[in-house]
Amino acid sequence: MKIRVDKLIANMGFATRSEIKKASKKGAVLVNDEVEKNFGRIVDTDIDRVSYFGDPVEYKEFIYLLMNKPKGVISATEDFYDKTVIDLLLEEHTTFNPFPVGRLDKDTTGLLLITNDGELNHNLTSPKREVPKTYKVTLESDIEEEDYNSTFEKGIKLMPENIITKPATMEVIDNRHCYLTIKEGKYHQVKRMFEKVGNKVIELERVKFGALELPSDLELGEYIEITKEDIID
Ligand code: URA
């Protein structure tokens, strides 16, 4: 890709365009090992080697972030009233204009993928792909394992969409905790499934999404950068 060198360095999160302009005059920008004081110089990211204060500036088009979403933030890029997951990112990541892949409710915690890769987003959220998502569920009342299992296996009618949920699998942890794996992502789906069997979800945490697992040491609100290969597996 051909791009102005100051824009490349700014887009890769090193500094703002105005900082880069000043620094370039002092010799902070090298193109192919030579000082480049013309911050408007067009470089070709496939050919030219750029560095900023000695650090190589590698061009990347896409970014992939795995967040442990906390409660109280919205899985969206903008919200009029509430903080969004994008508000929790550093500027070096927001510069890529990322967005969340699918949605978690405001009060749901756990694994949320954030990217600017539209094709990957489509592949992971397309109903045809049936990407599995596993939730750790805390319930208000005791689990009736056999009853729930047969209902979730058969599917539940969701209204007003008028659809039958695809077979879901439940793994019981104890009387009031289980893992539920679903292969679709309808609005409030897990909460509505447990409501249908006469129970109530009081805590919901997503622990798996396709090949991704929530790292046990990732605190709420924290995130890590991952690669496309981690996601596709
Ligand atoms: N199902 C729900 O009910 N809520 C979520 O956030 C995700 C799945």
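Read the numbers this way: they start at 1 and go in the same order the structure lists the ligands and their atoms.
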Visitor: Is it true that Lys228 and Glu119 make a salt bridge, defined as a side-chain N closer than 4.0 Å to a carboxylate O?
Guide: no

Visitor: List every atom of ligand 1 that sits less than 4.0 Å from any heavy atom of Tyr135, numbering the atoms from 1 in the order shown and giving each element.
Guide: 7 (C), 8 (C)

Visitor: If I apply the N/O under 3.5 Å rule, does Arg192 come out as touching ligand 1?
Guide: no

Visitor: Quick one, Leu113 and Ile226 - any side-chain contact, counting heavy atoms below 4.5 Å?
Guide: yes

Visitor: Tyr223: which residues meet the ring pair (Phe, Tyr, Trp, His ring centres under 6.0 Å) condition with it, sequence neighbours left out?
Guide: His93

Visitor: Return the residue, atom name and 0.1 Å-rounded distance of the protein heavy atom closest to atom 1 (N) of ligand 1.
Guide: Val190 N, 3.1 Å

Visitor: Within the side chain of Thr115, is there an N or O that forms a donor-acceptor pair under 3.5 Å with the backbone of Ile63?
Guide: yes

Visitor: Please tell me whether Leu104 and Phe99 are part of a single hydrophobic cluster in this structure, the criterion being side-chain heavy atoms less than 4.5 Å apart.
Guide: no

Visitor: For Leu204, which part has a heavy atom under 4.0 Å from ligand 1: side chain, backbone, both, or neither?
Guide: side chain

Visitor: Evaluate Leu104 for polar contact with ligand 1, using N/O atom pairs at a separation under 3.5 Å.
Guide: no

Visitor: With only distance considered, is Thr108 within less than 3.5 Å of ligand 1 through an N or O on each side?
Guide: yes

Visitor: So, regarding Lys191 and ligand 1 (criterion: nitrogen or oxygen to nitrogen or oxygen, under 3.5 Å), is there a contact or not?
Guide: yes

Visitor: Check contact between Tyr187 and ligand 1, using heavy atoms of the residue and a distance below 4.0 angstrom.
Guide: no

Visitor: Which pair of non-hydrogen atoms, one from Leu111 and one from Glu213, has the smallest distance, and what is that distance?
Guide: CD1-C, 3.5 Å

Visitor: Could you pull out all residues at least two apart from Thr45 that satisfy side-chain contact (heavy atoms from CB on, under 4.5 Å)?
Guide: Met1, Ile3, Leu8, Tyr59

Visitor: Looking only at protein heavy atoms, which one is nearest to atom 4 (N) of ligand 1, and how far off is it?
Guide: Asp105 OD2, 2.7 Å

